[in-house]
2 protein chains.
Amino acid sequence: MPAGLTPDELAQVSAIASSTRTVRQGTRLYAAGDPFQSIYAIRTGSFKTVLVHRDGQPQVTNFYFSGYTLGLDAIGDGSYRCDAIALEDSVVCILPFRELNAVGQGSGEIQRHLMRLMSSEMARRGDMQVVLGMMSAGQRVATFLLNQSKWMRVRGYSNAEFVLRMSRTEIASHLGIKIETVSRMLRKFGEAHLIEHHGRHIRILDLDGLARVES
Amino acid sequence: MPAGLTPDELAQVSAIASSTRTVRQGTRLYAAGDPFQSIYAIRTGSFKTVLVHRDGQPQVTNFYFSGYTLGLDAIGDGSYRCDAIALEDSVVCILPFRELNAVGQGSGEIQRHLMRLMSSEMARRGDMQVVLGMMSAGQRVATFLLNQSKWMRVRGYSNAEFVLRMSRTEIASHLGIKIETVSRMLRKFGEAHLIEHHGRHIRILDLDGLARVES
DNA sequence: CGTTTTTTTGAGTACCCTCAACAACGGTGG
DNA sequence: CCACCGTTGTTGAGGGTACTCAAAAAAACG
């Protein structure tokens, strides 16, 4: 919860964010249908959110890294809409929504910050619609790599070399393609000298080239 | 802006929602990049939101009918992220965000309602991710028809017979498939006696059958 | 009624999926 | 330390779904 808050407001938020929770790799922070009580700010680690379709097949709707906030889409329903599962051992701040609202009552800035969070989450999903709606498999994988690269840079790491936190299966599900296709596209990018990869280890050789991928 | 507000709060919201705007078919309520000032509640009519990809191809991200609220995803950026275009002659209530926030300051309920709106919009986009990520063309079209049917019922019309407000091109773009495929799927559903269709006029014969469409 | 746009239909093709087998990795226990 | 095994990831061959291209039919418009 950074950005634009007065020290006083920050203190108020910190006060209710006092409790944290550790989530081991592969375990759930919350499950679809659980009653909504808190939103969670990721302090360390990363998560995926999974929506289970009626036929039982799960779809990875998003990935979240430290700094991001989970559970915002539950406000409307009163219950979480998807499972949130840790990709690695992670720690989250628990922000009880009731208390957050009480504090926000006195401070327009806190409320506005919450809305900004929700709004940018909406925007992210809108962008994902474009990826899933009009991009080829190659473009989807390229976009995914570029996003990863950007996130790494934002978090202070190299944007050219990093280790993916998620499996091929999770990547494929998120991009709406099959795991074999992810594999093939990575190989193709390797042959085109756009990247080098070794399992989950990725080195980007040509950022611009990736952005120009056609199919 | 219905639901759960006290008469006093409702009066406050109504006060700032005094001005309306008429948007003719095919014209824009707002454009991507416009500075964010207001959100808009649809009083009558319907809209599509369009996100233009870097290569110039537009993607229809969503359809909105009366009762829905437009522009919520602009709060984060400070500018609208997509074009909102009227599918028919429409009227919207203008809700200046600054004033809405000022009023909301005194009323937690108004703030919470705004958040519920944003949250359910997020949820809708999440559902769309599932449609685009793991459904066949047939399932996408079936899902689209069922959604239309549901919206019609909510608005008090027949859920079995209605006229689509959008073109095949817009449907196809929204579903991430090609216009010819939409056409073919509708014909297929007709041959299977799930629907009857005549241009934009749709009659659903077998709701359960549509829900069971596999490919 | 002619013109333009939208929708439908058909034939051929490309991309991605399916199925299957193999290789690489990581943990466990002998 | 290495053999063993389950999991995860890679590679290949073949097939199916949806796309592309093209043209006709239908609808919308002035």
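Order of the sequence lines fixes the chain letters, A, B, ..., with proteins taken first and strands second; residue numbering starts at 1 for each chain. Please read these numbers as outputs of a predicted model, since none were measured by experiment.
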Student: Rounded to whole Å, how long is the line connecting atom CD of A/Glu180 with atom C1' of C/dA20?
Tutor: 10 Å
Student: If you pin A/Ser136 and B/Ser183 to their nearest nucleotides in DNA chain C, which one's is more 5'?
Tutor: B/Ser183
Student: Could you check how far NE2 of A/His198 sits from P of D/dT10, rounded to whole Å?
Tutor: 10 Å
Student: Rounded to the nearest angstrom, tell me the gap between atom CE in B/Met134 and atom C1' in C/dT18.
Tutor: 17 Å
Student: May I ask you to decide whether A/Asp73 forms a salt bridge with A/Arg125, counting only side-chain N to carboxylate O separations under 4.0 Å?
Tutor: yes
Student: Could you work out which one of C/dC16, D/dA18, D/dT10 sits closest to the side chain of A/Ala137?
Tutor: C/dC16
Student: Within this structure, what is the CZ-CZ distance for the pair A/Phe47 and A/Arg28, rounded to the nearest 0.5 Å?
Tutor: 13.0 Å
Student: Taking only the side-chain nitrogens and oxygens of B/Arg187, find out if one of them lies under 4.0 Å from OP1 or OP2 of C/dT8.
Tutor: no
Student: Could you tell me whether A/Arg200 contacts a base, only the sugar-phosphate backbone, or nothing, with contacts defined as non-hydrogen atoms closer than 4.0 Å?
Tutor: sugar-phosphate
Student: B/His197 NE2 to C/dT9 C1': how many Å, rounded?
Tutor: 12 Å
Student: Strictly under 6.0 Å, is that where the ring centroids of B/Phe36 and B/Phe97 end up?
Tutor: yes
Student: So, under a plain 3.5 Å distance rule, would you say the side chain of B/Arg184 forms a donor-acceptor pair with the base of C/dG10?
Tutor: yes
Student: Please report, rounded to the nearest Å, how far the C1' atom of C/dT9 is from the CZ atom of B/Arg168.
Tutor: 13 Å
Student: For A/Tyr64 and A/Glu121, test the side chains for any donor-to-acceptor distance below 3.5 angstrom and give the result as yes or no.
Tutor: yes
Student: Do the side-chain N or O atoms of A/Thr181 get closer than 4.0 angstrom to the phosphate oxygens (OP1, OP2) of C/dC17?
Tutor: yes
Student: Measure from the side-chain heavy atoms of B/Lys178 and tell me the nearest of D/dT10, D/dC19, C/dC17.
Tutor: D/dC19
Student: Distance check needed: C/dC16 C1' versus B/Ile177 CD1, whole Å only.
Tutor: 16 Å
Student: Check the distance between D/dG9's P and A/Met166's CE and give it to me in whole angstrom.
Tutor: 12 Å
Student: Rounded to the nearest 0.5 Å, how far does CG of B/Asn101 lie from CE of A/Met115?
Tutor: 5.0 Å
Student: How close or far is atom P of C/dC15 from atom NZ of A/Lys188, stated in whole angstroms?
Tutor: 8 Å
